[in-house]
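Just below is one structure, and these are the notes that go with it.
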Amino acid sequence: MDVANLSDAVASLATNPNLKSASQQALAKSNSKLNMEAFLKIMAASMSNPSFSGDSSSGGASGATDYVSQLAQFSVLQELTDLETTIAQSAAIQQQQQAFALMGKKVMLNDGQGSTIEGTVSGVQFSKGYAKLMVNGQAYSMGNLIQVGDAK
């Protein structure tokens, strides 16, 4: 595989919907989740109308502090979700680079049924953004890799 194809494969990870985590997919599918803009609108409405929150005794500085605390928690949650995406994309890129480095190498793989397969990595195939090694005409997950050696 040449450098142009490698660059295309790596660049495609940023937009690959298959690399989203389960929590991100659930968040994207759920219409009941709040985004930051909706949260700020609700917070502004609650602060401007203390009876809106259902507790007429709360208000003033204590209520504002509660809202700021909730805003901070919401921001942290959003940043953690973004970090999770970044880590997943980085892991996929790293795995792809490792697979490319195995091209032409002799490997031993678990076939998933208790047997081992030996052969030379003849290619790299991608499935949902993750690399699979082509050995003896079959695609194997990187997780099936047992041993790597130089081809002779």
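- Summarising the geometry, atom CD belonging to E79 is positioned 7.5 Å from atom OG belonging to S75; distances are rounded to the nearest 0.5 Å.
- Using a 4.5 Å cut-off on side-chain heavy atoms (C-beta onward), I93 and Q97 make contact.
- Taking hydrophobic clusters as Ile, Leu, Val, Met, Phe, Trp and Tyr residues chained together by side-chain heavy-atom distances below 4.5 Å, V148 shares a cluster with M103.
- At a threshold of 4.5 Å between non-hydrogen side-chain atoms, the residues T116 and Q147 do not count as touching.
- Exactly one residue among L145, V107, D111 makes a side chain to side chain contact (heavy atoms under 4.5 Å, CB included) with V135. That residue is V107.
- In this structure, the separation between OG1 on T120 and NZ on K105 is 11.0 Å, given to the nearest 0.5 Å.
- L133 is connected to I117 through a chain of hydrophobic side-chain contacts under 4.5 Å among Ile, Leu, Val, Met, Phe, Trp and Tyr, so both are in one cluster.
- One hydrophobic cluster, built from ILVMFWY side chains closer than 4.5 Å, holds both Y140 and L102.
- Considering all non-hydrogen atoms of both residues, A92 and Y130 come closest at CB-CE2, 3.9 Å.
- To the nearest 0.5 angstrom, Q78 atom CD is 6.0 Å from D82 atom CG.
- Hydrophobic clustering places V121 together with M142 (ILVMFWY residues linked when any side-chain heavy atoms are closer than 4.5 Å, directly or through intermediates).
- The heavy-atom pair separating A131 from Q96 by the smallest distance is CB-CA, 4.2 Å.
- In this structure, the separation between CG on L109 and CG on N136 is 8.5 Å, given to the nearest 0.5 Å.
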